[in-house]
Undergrad: 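This structure is in structure tokens; I'll ask about it shortly.
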Amino acid sequence: TIQSVLKSSASIRAVANVVNVEATTYDVLVDHTDIGSGWASETGSVSETDTPQIERISIALHELSALPKASQRLLDDSAFDIDAWLANRIADKFARAEASAFVSGDGVDKPKGFLTHPSVANGAWAWGSLGYVPSGADGEFAAVDAADAIVDLVYSLGAQYRANATFAMNSKTAGAVRKMKDADGRFLCSDGLAAGEPARLMGYPVLIAEDMPDIASDATAIAFGDFEAGYTVAERPDLRILRDPFSAKPHVLFYVTKRVGGDVSDFAAIKLLKFAVS
């Protein structure tokens, strides 16, 4: 029950790369450099070329826990399944805690959110930071040609990532974007092509992640990227539930734990829209 709620939650987990591990950490090997090459003649000598460099990103697993209690009499006499009800409430809480951490977690005893990493102007982007493009106005979209910022954001992402890219923003931001039109008066945002599909912005799906910041001065309220390549969620496949009827009699304690971690695995795969002049 808890696992199904976590998987169906509207969070970065829904579009990230999710892996099951048995260790305390998960290592991602990333090649963010290029191999050298050159044209060679039939008899000419071949010079040594650059070798790509592999970088290891280690994602630590952290523990989510909950310890609710219920009286033994309530468990015995209740007209409905208290155990299942508590499990659903815990699942909802775990899903919300994870969703927040994947966006803005500081990495201390919790996953590290992608917005926690430094953000720099996309023209000065370097590995270890996320590139951003400005909206053109402080704390809002530009008064003229506001939609240009969305176009700039899309094409700031490398072509190899755009095919699998997704927008991420909260409902308030999505409401503002939903009103945008192009020069011909057509809305940039459209409904999904089939029932249950997300809305699309410039043809790309929109993930409503409520933990993304609101539009404000210098806020990076919209993210666009291939999150499957750019963000990795590592978790233990099992979820532990310990029912303890002894420690708090006449109550029964339900100790539930889950091990999960997350971090950016490819800094080139995610770009941000910053609500600032530059």
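Values below: all heavy atoms of this structure, side chains included; hydrogens, waters and symmetry mates excluded.
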Undergrad: Please check: side-chain N/O of W125 versus main-chain N/O of S129, any donor-acceptor pairing under 3.5 Å?
TA: yes
Undergrad: Can Y155 be reached from M180 by stepping across I, L, V, M, F, W or Y side chains whose heavy atoms are under 4.5 Å apart?
TA: yes
Undergrad: Tell me whether V206 is reachable from V151 by hopping between hydrophobic residues (I, L, V, M, F, W, Y) whose side-chain heavy atoms are closer than 4.5 Å.
TA: yes
Undergrad: For T24, does its backbone N or O pair with a side-chain atom of R259 as donor and acceptor, under 3.5 Å?
TA: no
Undergrad: Identify the two heavy atoms, one from P213 and one from L115, that lie closest to each other, and give their separation to 0.1 Å.
TA: CD-CD1, 3.5 Å
Undergrad: May I ask you to decide if M212's main-chain N or O and N170's side chain share a donor-acceptor pair within less than 3.5 Å?
TA: yes
Undergrad: Can you tell me how far CD1 of I150 sits from OG of S135, rounded to the nearest 0.5 angstrom?
TA: 9.5 Å
Undergrad: Taking all non-hydrogen atoms of both residues, which atom of P205 and which atom of R200 are closest, and how far apart?
TA: CD-NH1, 3.4 Å
Undergrad: Taking all non-hydrogen atoms of both residues into account, name the closest pair between I215 and G139 and its distance.
TA: CG2-O, 3.3 Å
Undergrad: In this structure, would F114 and V19 fall into the same cluster of hydrophobic residues linked by side-chain contacts under 4.5 Å?
TA: yes
Undergrad: Counting only heavy atoms not in R240, do more than 12 fall under 6.0 Å of its CZ?
TA: no
Undergrad: Using atom types as modelled and distance alone, determine if a side-chain donor or acceptor of S265 lies under 3.5 Å from a backbone N or O of A229.
TA: yes
Undergrad: Any idea which heavy atoms bring S65 and T257 closest together, and the distance?
TA: CB-CG2, 3.9 Å
Undergrad: One pair to check against side chain to side chain contact (heavy atoms under 4.5 Å, CB included): K271 and Y161. What are the steps and the verdict?
TA: CA-CA 11 Å; K271 300 296 181 182; Y161 299 112; over 6 Å; no
Undergrad: Measure the shortest side-chain to side-chain distance between L201 and M169 over non-hydrogen atoms and say whether it is less than 4.5 angstrom.
TA: yes
Undergrad: Tell me the closest heavy-atom pair linking L207 and V15, and the distance in Å.
TA: CD2-CG2, 3.9 Å
Undergrad: Quick check: does any side chain N or O of E210 sit under 3.5 Å from a backbone N or O of S171, one acting as donor and the other as acceptor?
TA: yes
Undergrad: Might you work through the side chain to side chain contact (heavy atoms under 4.5 Å, CB included) test for D263 and T232, ending with a clear yes or no?
TA: CA-CA 6 Å; D263 203 351; T232 297; over 6 Å; no
Undergrad: Locate the shortest heavy-atom distance separating A99 from S11; write the atom from each residue and the value.
TA: CB-CB, 3.4 Å
Undergrad: Within 45 degrees of the axis of the six-membered ring of Y132 and under 6.0 Å from its centre: does K274 put its NZ or CZ there?
TA: yes
Undergrad: Distance check, rounded to the nearest 0.5 Å: D266 atom CG versus W127 atom CH2?
TA: 4.5 Å
Undergrad: Rounded to the nearest 0.5 Å, what separation is found between the CD1 atom of I270 and the OG1 atom of T220?
TA: 11.5 Å
Undergrad: So does D138 get a backbone contact from the side chain of S217, meaning a donor-acceptor N/O pair under 3.5 Å?
TA: no
Undergrad: Please determine whether residues F141 and F187 belong to a single hydrophobic cluster, defined as Ile, Leu, Val, Met, Phe, Trp and Tyr linked transitively by side-chain heavy-atom distances below 4.5 Å.
TA: no
Undergrad: Quick one: CG on D109 to CG on L64, what's the gap to the nearest 0.5 Å?
TA: 11.0 Å
Undergrad: If you group Ile, Leu, Val, Met, Phe, Trp and Tyr whenever their side-chain heavy atoms sit less than 4.5 Å apart, what else falls in with L253?
TA: L67, L242, Y255
Undergrad: Are F275 and I222 close enough, and set up right, to give a side chain to side chain contact (heavy atoms under 4.5 Å, CB included), and what steps lead you there?
TA: CA-CA 9 Å; F275 285 83; I222 299 177; 4.2 Å; yes
Undergrad: Assign the ring pair F167 / F224 to parallel, tilted or perpendicular, where the plane angle (0 to 90°) is split at 30° and 60°.
TA: tilted
